[in-house]
Amino acid sequence: LVETIQYDMNTAFSILDFCESNEAINSYLNASNRHQDNTTALAYHAWERLREECRNNSSYSYFNRLLISDRNGEYIQFSPFDIYQKVSLSGILMEQPFFQQLYDNPGSIQTGFIADPLPASSVESLIIPVIRPVYTVYGRPAAGWCYLALSSNIFANRFKSYNLYSDSQL
């Protein structure tokens, strides 16, 4: 059971590795930070690559949202849900009490399950937030950051499928 959940988590985290190393995402972030004219085209290209990579990830069904933001709060996002929000999602995330802690500890899941600060619907859901800085090709400073909201189902689905004896006390 533990190995299966760890496999799902590692597979989910691999999308963050992709975000940190993908040339299209890096080009978008650099152009966006500089307010270049070609930012929209680069954002679309980065979003298409992100969408492709997400859909090829075996843990994709556990992604509530993946958001990549530049230093100015401009972002692209991908979610399996239809999302139409006109608020600054990156601004909302940066104001969360967990943001700086997770940003400073890339890949950490120290918060455990929390209520989704960016719910895709009126139904409150529990997520595991993961935040990582995205560095430029040349290293520091960070060109932006990525946020992955993992559904709590990454754990719950495995427990549901775990076979127990009928007289088990669990």
Side-chain angles (χ1 to χ4, degrees), residues 8-22 24-35 39-40 42-55 57 59-136 139-156:
D8 290 342
M9 295 285 288
N10 289 341
T11 305
F13 286 174
S14 72
I15 197 70
L16 298 171
D17 296 335
F18 169 81
C19 293
E20 292 174 2
S21 63
N22 182 263
I25 291 172
N26 210 289
S27 294
Y28 157 68
L29 289 173
N30 287 326
S32 184
N33 284 325
R34 294 184 185 121
H35 305 289
T39 300
T40 302
L42 290 171
Y44 182 72
H45 179 65
W47 180 83
E48 282 187 320
R49 278 295 294 125
L50 183 63
R51 179 182 65 171
E52 177 185 354
E53 197 68 23
C54 283
R55 289 184 173 165
N57 187 299
S59 292
Y60 166 68
S61 62
Y62 301 119
F63 296 0
N64 277 15
R65 181 186 312 260
L66 179 60
L67 184 141
I68 301 169
S69 177
D70 70 3
R71 292 188 302 255
N72 304 310
E74 298 296 320
Y75 62 89
I76 58 174
Q77 69 172 329
F78 186 76
S79 174
F81 308 107
D82 289 331
I83 300 173
Y84 302 101
Q85 296 167 313
K86 293 188 177 199
V87 296
S88 171
L89 300 180
S90 59
I92 292 170
L93 286 171
M94 291 175 71
E95 293 171 358
Q96 296 301 309
F98 61 80
F99 181 86
Q100 198 61 49
Q101 175 191 15
L102 295 179
Y103 183 88
D104 292 339
N105 299 292
S108 171
I109 57 170
Q110 296 174 4
T111 62
F113 298 115
I114 64 167
D116 190 348
L118 306 173
S121 68
S122 60
V123 177
E124 186 174 301
S125 61
L126 293 178
I127 60 144
I128 301 169
V130 184
I131 296 172
R132 284 192 187 169
V134 177
Y135 295 103
T136 65
R140 300 195 186 272
W145 48 272
C146 54
Y147 163 79
L148 175 62
L150 280 175
S151 167
S152 60
N153 287 337
I154 201 162
F155 287 90

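The analysis underlying the following values was restricted to heavy atoms, covering all of them including side chains, and did not include hydrogens, waters or symmetry mates. As the structure is a prediction and not an experimental result, all values here were calculated from the model.
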Shortest non-hydrogen contact from Leu16 to Cys146?
-> CD2-SG, 3.6 Å

What closest approach, in Å, do Ser90 and Gly73 show between heavy atoms, and which atom pair accounts for it?
-> OG-O, 2.7 Å

d(Glu20 CD, Ile68 CD1) to nearest 0.5 Å is 10.0 Å

Donor-acceptor under 3.5 Å (Ser14 side chain, Thr11 main chain) = yes

Residue pair Ile128, Phe113: steps toward the side chain to side chain contact (heavy atoms under 4.5 Å, CB included) verdict | CA-CA 5 Å; Ile128 301 169; Phe113 298 115; 3.6 Å; yes

Would you check if the side chain of Asn22 reaches a backbone N or O of Phe18 as a donor-acceptor pair within less than 3.5 Å?
-> no

Could you tell me whether a side-chain N or O of Trp47 sits under 3.5 Å from a main-chain N or O of Gln77, the two making a donor and an acceptor?
-> yes

Tyr44 meets the ring pair (Phe, Tyr, Trp, His ring centres under 6.0 Å) criterion, sequence neighbours left out, with none

Under 3.5 Å, side chain of Asn72 to main-chain N/O of Glu74, donor-acceptor pair present?
-> no

State the CZ-CZ distance between Phe78 and Arg49, to the nearest 0.5 angstrom.
-> 12.5 Å

Is a side-chain N or O of Arg55 found less than 3.5 angstrom from the main chain of Tyr60, in a donor-acceptor match?
-> no

Are any side-chain N or O atoms of Arg65 and backbone N or O atoms of Leu118, one a donor and one an acceptor, separated by less than 3.5 Å?
-> yes

So which heavy atom on Tyr75 is nearest to which on Ser69, and how close?
-> CB-CA, 3.8 Å

Go through the steps for Gln101 and Asn105 under the test side chain to side chain donor-acceptor pair (under 3.5 Å), then give the verdict.
-> CA-CA 6 Å; Gln101 175 191 15; Asn105 299 292; over 6 Å; no

Under the 3.5 angstrom rule, does the side chain of Asn33 hit a backbone N or O of Ala143 as a donor-acceptor pair?
-> yes

For the residue pair Phe63 and Asn57, establish whether any side-chain heavy-atom pair is separated by less than 4.5 Å.
-> yes

Close side-chain approach of His45 to Ser27, heavy-atom, < 4.5 Å | no

Taking every non-hydrogen atom, the tightest pair across Cys19 and Val134 = O-CG1, 3.8 Å

Within a strict 4.5 Å, meaning less than it, do heavy atoms of the Pro129 and Leu93 side chains meet?
-> no

For Asp8, does its backbone N or O pair with a side-chain atom of Ser59 as donor and acceptor, under 3.5 Å?
-> yes

For the residue pair Ile127 and Pro117, establish whether any side-chain heavy-atom pair is separated by less than 4.5 Å.
-> yes

Who are the side chain to side chain contact (heavy atoms under 4.5 Å, CB included) partners of Ala31, not counting sequence neighbours?
-> Gln36, Asn38, Thr39, Leu42

Can you tell me how far the CE atom of Met94 sits from the CD1 atom of Ile131, to the nearest 0.5 Å?
-> 9.5 Å

d(Tyr135 OH, Asn26 CG) to nearest 0.5 Å is 12.5 Å

Parallel, tilted or perpendicular: which describes the rings of Phe99 and Tyr103, with under 30° parallel and over 60° perpendicular?
-> parallel

Looking at CD1 of Ile76 and CG of Leu67, how far apart are the two atoms once the value is rounded to the nearest 0.5 Å?
-> 8.5 Å

Report the distance from atom CD1 of Ile15 to atom CZ of Arg132, rounding to the nearest 0.5 Å.
-> 11.0 Å

